[in-house]
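A short worksheet on the structure shown next.
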Amino acid sequence: QLRLVESGGGLVQSGGSLRLSCAISGFTRDAYAITWFRQAPGKGREGISCITSSDGNTAYADSVKGRFTISRDSAKNTVYLQMNSLKPEDTAAYYCGADILPPVLHPDCVVSDDHDYLWHSWGQGTQVTVSS
């Protein structure tokens with residue numbers, strides 16, 4: 001199984017940038033996807049971006065496309081979310097979650113809302129606050 005720990009959140013002005021980190025430990029033989037999702041008070045979980053462990057394929061939600069970039073450092077077992085041009089509506093607690101991918105060649109990942117991930121940090125998350 002995998003264990004995930006998020007870090008890197010903070011307070012930033014509108015238009016600013018932050019980089020979040022998702023540190024991954026543990027082991028699984030299966031290819032998996034790491035997804036960043038966020039949750040603002042009173043709202044559901046919004047899938048933002050994902051990346052596959054096998055090929056590094058990525059996907060983004062329309063709300064962050066062109067502003068956020070997901071990447072991975074396999075040597076450090078860490079997935080990053082570079083967030084640029086931040087807006088007040090990006091304010092939320094940010095989490096990373098993981099799911100096993102289908103056993104196919106070059107699997108893709110998809111982002112979806114209100115998804116229950118196989119592994120996640122069990123509520124730890126990292127808070128991002130964007131002031132106007």
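The figures here come from the full heavy-atom set of this structure, side chains too, leaving out hydrogens, waters and symmetry mates.
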Using 0.5 Å steps for rounding, measure from the [atom1] atom of [X] to the [atom2] atom of [Y].
| X | Y | atom1 | atom2 | result |
| --- | --- | --- | --- | --- |
| Cys109 | Tyr32 | SG | OH | 12.5 Å |
| Cys50 | Ile34 | SG | CD1 | 10.0 Å |
| Thr126 | Leu81 | OG1 | CG | 11.0 Å |
| Ile100 | Thr28 | CD1 | OG1 | 4.0 Å |
| Asn77 | Ile24 | CG | CD1 | 6.5 Å |
| Thr91 | Gln127 | OG1 | CD | 7.5 Å |

Test your reading of the model: is there a side-chain donor-acceptor pair from [X] to the backbone of [Y], 3.5 Å cut-off?
| X | Y | value |
| --- | --- | --- |
| Ser21 | Ala23 | no |
| Asp99 | Leu118 | yes |
| Ser132 | Pro88 | no |
| Arg19 | Gly8 | no |
| Glu6 | Cys96 | yes |
| Asn57 | Pro107 | yes |
| Ser49 | Trp36 | no |

Over 60° means perpendicular and under 30° means parallel, so classify the ring planes of Phe37 and Tyr95, tilted if in between.
parallel

Where do [X] and [Y] come nearest, in terms of heavy atoms and distance?
| X | Y | answer |
| --- | --- | --- |
| His106 | Asp55 | CA-OD2, 2.8 Å |
| Glu46 | Asp113 | CA-OD1, 3.3 Å |
| Arg72 | Gly56 | NH2-N, 3.5 Å |
| Arg38 | Ala92 | CB-CB, 3.8 Å |
| Asp90 | Tyr94 | O-OH, 2.5 Å |
| Ser121 | Leu4 | CB-O, 3.2 Å |

Salt-bridge test for Lys65 and Asp62: reply yes if a basic N is under 4.0 Å from a carboxylate O, no otherwise.
yes

Is it possible for you to say whether [X] and [Y] belong to one hydrophobic cluster, with membership spreading through side-chain heavy-atom contacts below 4.5 Å?
| X | Y | answer |
| --- | --- | --- |
| Trp119 | Leu101 | no |
| Val111 | Val64 | no |
| Tyr60 | Leu86 | yes |

Against Ile70, only a single residue in Thr58, Leu20, Ile48 fulfils side-chain contact (heavy atoms from CB on, under 4.5 Å); can you say which?
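The option that passes is Thr58.
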
